[in-house]
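Keep in mind that the numbers below use all heavy atoms, side chains included, and drop hydrogens, waters and symmetry copies.
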Amino acid sequence: MQLRYNYRAYPDATQRRALASAFGCARVVWNDCLRDRKEAHAAGLPYVKSAELSRLRITQAKRTAERAWLADVSAVVLQQSLRDLDAACKNFFDSLKGKRQGRKVGPSRYKSKKGTRQSIRLNTNAFSLQENGTVYVAKVGNLNVTWSRRLPAAPTSLTITKDSSGRYFLSFVVDTEPDILPQAETDTGIDLGLSAFAVLSDGRKIDSPRFLRRAEKKLKRLQRALSRKARGSKNRAKARIKVARQHAKVADRRRDWHHKASTQIIRDNQAVYVEDLAVSGLGRTRLAKSVHDAGWSAFVGMLQYKAVKHGRTFATVDRAFPSSQVCSACGFRDGPKPLHIRKWTCGECGTMHDRDHNAARNVLFEGRRIVAAGRAETLNALWSAGETRTKVPAQRVEAGSPRKGQTTQAGIPGL
């Protein structure tokens with residue numbers, strides 16, 4: 001399986017200028033190639049192949065006066081930018097044809113130098129790990145890196161990123177074997193919410209930390225100061241960085257908390273079942289700020305790839321499943337209930353239920369049924385099919401492609 005390891009980098013002034021040049025050149029190659037394809041499509045011409053674009057927009061462009069500065073950066077950076085554009089175009093066409101699961105992918109867009117995130121991608125020909133702990137990047141130099149943990153294997157690719165707060169990160173992709181944990185005797189269903197971040201089927205509740213809400217007072221003060229600065233001034237740029245740094249702190253705290261909570265759940269349970277929530281829809285309601293502050297999608301993505309990594313079973317229950325309407329004791333469906341009703345009594349068996357705990361128990365029972373229904377097919381399937389399901393990269397933002405209307409399972413086949 002593939003895992004992604006991120007580390008903070010500290011380039012000096014010369015290296016920051018070289019990285020800025022690399023970010024700009026990669027962006028220009030992306031925009032030039034995308035413009036050629038859009039113009040060819042508007043003129044009714046055939047799709048421009050990547051080989052032709054590489055010759056025109058990289059090789060020949062370096063020899064012109066307008067694009068001579070493309071030779072100042074590594075050629076790998078330019079070629080990888082073109083490959084990324086090819087991947088984006090392929091995802092768009094596959095989404096149109098129905099070959100790609102999840103939400104529809106829009107057409108590729110031009111990149112802006114004023115974007116909140118700048119990045120370049122390199123293969124092993126353009127970077128190497130040095131014995132003194134630095135990372136050599138072609139035409140940039142040796143970057144100082146804070147190694148928070150060791151890499152389990154030699155990396156296959158490197159992505160250098162600069163975020164909106166001016167921080168630099170190195171993201172290594174590593175091919176490694178799953179780290180199988182000892183067999184656990186329990187499984188759990190999880191009901192995600194806002195009053196309590198998660199309620200487990202055994203009755204445990206995980207309180208919501210609400211990192212954004214706790215930082216709102218300072219964010220309001222910083223954003224008021226930003227609004228008073230004149231547009232285009234250096235003071236406004238400084239104020240913008242202060243706001244971005246505060247938002248980055250909130251995101252880092254949330255991500256760290258998600259990692260700790262998801263790791264504990266995966267270690268304690270052999271199987272984890274979660275309801276597939278419509279986060280994008282809830283993000284357009286009056287609860288939008290609280291929904292985004294909770295970060296459900298990132299948390300579920302962490303549970304999924306960690307289940308693959310540690311040999312656990314993971315399944316999502318369809319969002320249409322009435323987990324809050326069914327009595328977990330007798331199975332009687334008591335009908336929908338408003339959100340303000342947190343406790344209710346079953347009209348059939350008379351059992352008193354906590355709304356969230358009852359929903360978590362129903363998610364557990366439905367997840368067991370889903371896994372049991374698909375177990376015969378999994379055991380009789382080819383091993384290569386199982387390997388395909390286990391290749392889930394651990395992304396920095398943990399943003400996956402959810403399957404709409406379908407249940408998903410992840411695990412190590414044969415366990």
Side-chain angles (χ1 to χ4, degrees), residues 1 3 101 177-193 196-206 258-277 279 296-324 326-329 331 354 356-381 383 385-394 398 400-403 405-415:
M1 63 181 299
L3 294 179
Q101 295 177 338
E177 295 297 325
D179 180 17
I180 308 300
L181 292 175
Q183 190 84 5
E185 300 297 332
T186 59
D187 55 356
T188 186
I190 302 177
D191 178 67
L192 299 174
F197 176 78
V199 178
L200 307 186
S201 56
D202 59 3
R204 289 183 296 167
K205 289 189 176 182
I206 302 177
H258 281 167
H259 273 296
K260 292 176 180 177
S262 59
T263 299
Q264 188 64 41
I265 292 174
I266 291 297
R267 289 184 179 276
D268 293 344
N269 300 278
Q270 185 62 31
V272 178
Y273 311 110
V274 186
E275 188 175 7
D276 181 23
L277 297 174
V279 178
W296 292 331
S297 295
F299 180 73
V300 173
M302 291 181 187
L303 287 175
Q304 183 174 7
Y305 88 77
K306 290 179 182 180
V308 175
K309 178 182 178 182
H310 297 300
R312 302 308 199 198
T313 299
F314 176 87
T316 57
V317 176
D318 191 272
R319 64 188 62 170
F321 176 71
S323 60
S324 299
V326 178
C327 173
S328 59
D354 177 84
D356 298 331
H357 183 211
N358 177 72
R361 286 173 55 84
N362 286 326
V363 169
L364 172 64
F365 300 148
E366 179 66 10
R368 287 173 177 173
R369 187 195 65 79
I370 291 171
V371 173
R375 183 169 298 163
E377 180 182 355
T378 301
L379 293 178
N380 294 329
W383 179 257
E387 285 185 338
T388 303
R389 285 196 298 272
T390 63
K391 291 183 178 178
V392 181
E398 273 76 27
S401 298
R403 302 180 181 181
Q406 299 181 10
T407 58
T408 61
Q409 297 185 32
I412 306 301
L415 291 178

Nearest heavy-atom approach of I266 to L303 is CD1-O, 3.7 Å

Beyond-backbone contact of D191 with E275, side-chain heavy atoms, under 4.5 angstrom: yes

Are any of the side-chain heavy atoms of I370 and V317 separated by less than 4.5 Å? yes

So, do R368 and D187 sit near enough that their side-chain heavy atoms are less than 4.5 Å apart? yes

Is it true that T188 and N269 share a donor-acceptor pair across their side chains at a distance under 3.5 Å? no

Is any side-chain heavy atom of F314 closer than 4.5 Å to one of Y273? no

Nearest heavy-atom neighbours spanning A359 and S324: CB-OG, 4.1 Å

With a 4.5 Å cut-off on side-chain heavy atoms, are D354 and K205 touching? yes

Distance-only polar pair, side chains of E366 and N362, donor-acceptor under 3.5 Å: no

Atom pair CG (L364) and CZ (R369), whose distance is rounded to the nearest 0.5 Å: 13.0 Å

For residues F299 and A261, report the shortest heavy-atom separation together with the two atoms involved. CE1-CB, 4.0 Å

Quick one, R312 and V272 - any side-chain contact, counting heavy atoms below 4.5 Å? no

To the nearest 0.5 Å, tell me how far H258 NE2 sits from T263 OG1. 12.0 Å

Nearest-0.5 Å distance, CD1 of residue I265 to CD1 of residue I190: 4.0 Å

Hey, could you give me the CD/CD distance between E185 and Q183, rounded to the nearest 0.5 Å? 7.0 Å

Would you find a donor on one side and an acceptor on the other, under 3.5 Å apart, between the side chain of H310 and the backbone of D179? yes

Determine the minimum heavy-atom distance between L192 and A198, stating which atoms define it. CD2-CB, 3.9 Å

Can you find a heavy atom in the side chain of L3 that is under 4.5 Å from one in the side chain of K309? yes

Can you tell if the side chain of S262 reaches within under 4.5 Å of the side chain of K306, non-hydrogen atoms only? yes

Are D276 and R319 close enough for a salt bridge, meaning some N to O gap below 4.0 Å? yes

Point-to-point distance, once rounded to the nearest 0.5 Å, from NE2 of H357 to OG of S328: 7.0 Å

